[in-house]
Amino acid sequence: MGSGHYFWAIFYFASLCSASLANNAKINFREKEKKVLDQILGAGKYDARIRPSGINGTGPAIVRINLFVRSIMTISDIKMEYSVQLTFREQWTDERLKFDDIQGRLKYLTLTEANRVWMPDLFFSNEKEGHFHNIIMPNVYIRIFPNGSVLYSIRISLTLACPMNLKLYPLDRQICSLRMASYGWTTNDLVFLWKEGDPVQVVKNLHLPRFTLEKFLTDYCNSKTNTGEYSCLKVDLLFKREFSYYLIQIYIPCCMLVIVSWVSFWLDQGAVPARVSLGVTTLLTMATQTSGINASLPPVSYTKAIDVWTGVCLTFVFGALLEFALVNYASRSGSNKSNMHKENMKKKRRDLEQASLDAASDLLDTDSNATFAMASQFQRGGGQQKPLVRHPGDPLALEKRLQCEVHMQAPKRPNCCKTWLSKFPTRQCSRSKRIDVISRITFPLVFALFNLVYWSTYLFREEEDETF
């Protein structure tokens, strides 16, 4: 009997263990989740219109925010906006949503309907456009943890306003903000805080076409209005504009156009069609380049760095065209003066020839009268001849003496500039050539000086802005 009772006891214990294991194996945790959700979110048990209580049942509800920046698509200078795609997460505690985790087997509950629980009334204050992602399913979930903690996560795309200061464009840095605030709940009811640790994360290898994301900073931006103070968070994204694109597309072509306009200084002053065509072509090309640059920028009331560059380059090209006009005028003026000088010389030569003929005829008449007088005197003087002397007031002797006068000038100290310019003829017709030669030196020197001042000024200001 003792052994029989022992056998039945062992059999009964084994049956209980197998039944227990069978029951555990048949537990459906999805059914448990449904029961828990029905229990905590059932009718009359949870009201999504009422905000959760704060710490110890009093004070505002604390909502912690963190972001994951997936991509930054475009940064528009004209519209002063940028587009970003991010995963937005909120986390808060709602004591009404606590549940039994079945000895740690139920880690959290998942919802896809945000209207089932209370949600913070957060909005993006500098948003222009935005949309959710619904491919293939809505990219949103809500997790409810056993301690009543709620995690809300959603993927959204936003187009946000980004006011820009373009004074240093294209050597500038821009700060674009992402602002989040409560729309209706004041700080007495709702407070937003950044999640501790790493509240903002950016995807690795983030590539932008014309910018580089240097860094980002998180801060608070609470605002006070007539209806109260509202909690606000912001993250500032610091973008640096890539200068290599603008160097290749704007600065180098403008320099080339200015240098090409100087080719006219080396062309002959008589090549009017070539010099005019070159000057007009470079001027129109430079104007087209300037208008194309301005078309990609918003109309602002201040002067940008690129405006200074294109304005000076346009001035140099226009100055080269005006220089040819001056050369042409000087050439024609010198030619007219040369023709007038030739006419005057011919007239003076004719007057001198006429004066010489008159003087010669007067001399012949005087000599004949003197011969007759000498003969008469000789006859009356008994054949004795008196010497013939010309008086100092004789006009023929005075004219010859004036022609032989030499005007001496005191030697002057040599000047290097005048010595260099003296290599070129000083006649009126060569002034145009001298203008071309001076322009060949002056224009490049002034342009090089402008480049030195320009790059020193704006690069130094860029460093100051970076330090700030």
Side-chain angles (χ1 to χ4, degrees), residues 72 74-82 160-178 202 206-219 234-262 282 285-320 439-468:
I72 299 176
T74 58
I75 301 177
S76 175
D77 297 319
I78 299 178
K79 297 181 180 180
M80 290 194 178
E81 64 184 20
Y82 72 104
L160 304 166
C162 179
M164 299 181 182
N165 186 351
L166 300 174
K167 288 185 178 180
L168 298 180
Y169 177 89
L171 302 168
D172 58 334
R173 286 177 168 83
Q174 300 298 334
I175 298 178
C176 295
S177 299
L178 175 62
V202 179
L206 178 64
H207 296 289
L208 297 174
R210 288 183 293 177
F211 288 89
T212 300
L213 179 61
E214 289 192 329
K215 59 182 179 180
F216 52 88
L217 302 172
T218 57
D219 200 357
K234 73 171 182 176
V235 53
D236 293 330
L237 305 174
L238 179 59
F239 296 102
K240 179 182 178 182
R241 197 181 299 272
E242 289 291 341
F243 180 69
S244 58
Y245 169 81
Y246 300 92
L247 179 65
I248 297 173
Q249 296 294 326
I250 295 177
Y251 284 91
I252 292 179
C254 289
C255 282
M256 294 175 64
L257 287 174
V258 172
I259 294 173
V260 167
S261 68
W262 298 341
T282 52
T285 306
M286 191 66 216
T288 304
Q289 180 86 349
T290 303
S291 62
I293 295 170
N294 292 329
S296 61
L297 294 173
V300 293
S301 59
Y302 48 83
T303 302
K304 304 179 289 294
I306 195 66
D307 294 336
V308 176
W309 175 263
T310 55
V312 172
C313 290
L314 188 62
T315 302
F316 269 93
V317 174
F318 184 66
S439 300
R440 295 172 190 173
I441 306 300
T442 304
F443 274 71
L445 286 180
V446 175
F447 190 68
L449 180 62
F450 161 72
N451 274 270
L452 178 63
V453 174
Y454 179 87
W455 296 112
S456 301
T457 301
Y458 285 102
L459 290 178
F460 180 72
R461 291 180 64 180
E462 182 187 14
E463 292 177 358
E464 284 186 345
D465 187 44
E466 181 180 3
T467 304
F468 176 77

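Owing to the predicted nature of the structure, the values given are computational and were not obtained by experimental measurement. Worth knowing before you read on, the calculation uses all heavy atoms, side chains too, and leaves out hydrogens, waters and symmetry mates.
Here the closest non-hydrogen pair linking Q174 and L166 is NE2-CD2, 3.8 Å. Counting all heavy atoms, side chain and backbone alike, D77 lies closest to S296 at CB-O, 4.2 Å. Scanning both residues, P298 and I78, for their nearest heavy atoms gives CB-O, 3.7 Å. Between M286 and C313, the closest heavy-atom pair is CE-CB, 3.6 Å. Residue L160 comes nearest to S177 through the heavy atom pair CD1-O, 4.3 Å, listed as atom of the first residue, atom of the second, then distance. Across P170 and R241, no two heavy atoms sit closer than the pair O-CD, 3.7 Å.
Taking the six-membered ring where tryptophan is involved, the planes of F316 and F447 are perpendicular, since the angle between them exceeds 60° and thus also 30°.
Remark: E81 pairs with K128 by the side chain to side chain donor-acceptor pair (under 3.5 Å) rule, at least two apart or across chains. For Y169, the side chain to side chain donor-acceptor pair (under 3.5 Å) criterion is met by no residue, not counting sequence neighbours. Taking the side chain to side chain donor-acceptor pair (under 3.5 Å) definition, one finds that T290 meets it with nothing, sequence neighbours left out. Residues satisfying the disulfide bond (SG atoms under 2.5 Å apart) test with C254, not counting sequence neighbours, are none. Residues forming a side chain to side chain donor-acceptor pair (under 3.5 Å) with T218 (at least two apart in sequence, or on another chain): none.
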Quiz item: For F443 and V258, what are the C-alpha separation, side-chain angles and deciding distance, and is it a side-chain contact (heavy atoms from CB on, under 4.5 Å)?
Solution: CA-CA 10 Å; F443 274 71; V258 172; over 6 Å; no

Quiz prompt | Test side-chain contact (heavy atoms from CB on, under 4.5 Å) applied to L178 and L237, step by step | solution = CA-CA 8 Å; L178 175 62; L237 305 174; 5.8 Å; no

Practice problem: Could you check N294 against D307 for side-chain contact (heavy atoms from CB on, under 4.5 Å), going step by step and ending with a plain yes or no? | Solution: CA-CA 9 Å; N294 292 329; D307 294 336; 3.6 Å; yes

Quiz item: Do I293 and K304 pass the side-chain contact (heavy atoms from CB on, under 4.5 Å) test, and can you show the C-alpha distance, the side-chain angles, and the key distance before you say yes or no?
Solution: CA-CA 11 Å; I293 295 170; K304 304 179 289 294; over 6 Å; no

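The OH atom of Y82 sits 11.5 Å away from atom CG of L208, with the distance rounded to the nearest 0.5 Å. Taken from OG in S456 to CG in N451, the straight-line distance is 10.0 Å, to the nearest 0.5 Å.
Residue C176 is tested with F211, F216, F239 for a side-chain contact (heavy atoms from CB on, under 4.5 Å); the sole match is F239.
Between Q289 and T310 the shortest side-chain heavy-atom distance does not fall below 4.5 Å. Inter-residue side-chain proximity for W455 and Y251 is flagged as met; some heavy-atom pair is nearer than 4.5 Å. When side chains are defined from C-beta on, K167 does not count as touching D172, because their heavy atoms never get closer than 4.5 Å. With a 4.5 Å cut-off on side-chain heavy atoms, R173 and L238 count as touching. Side-chain contact check for I306 versus L297: some heavy-atom pair is nearer than 4.5 Å.
If you look at Y458 and Y454, their ring centroids are closer than 6.0 Å.
The salt bridge (Lys or Arg N to Asp or Glu O under 4.0 Å) pairs that include a residue from residues 247-261 number zero, where partners must be two or more places apart or lie in different chains.
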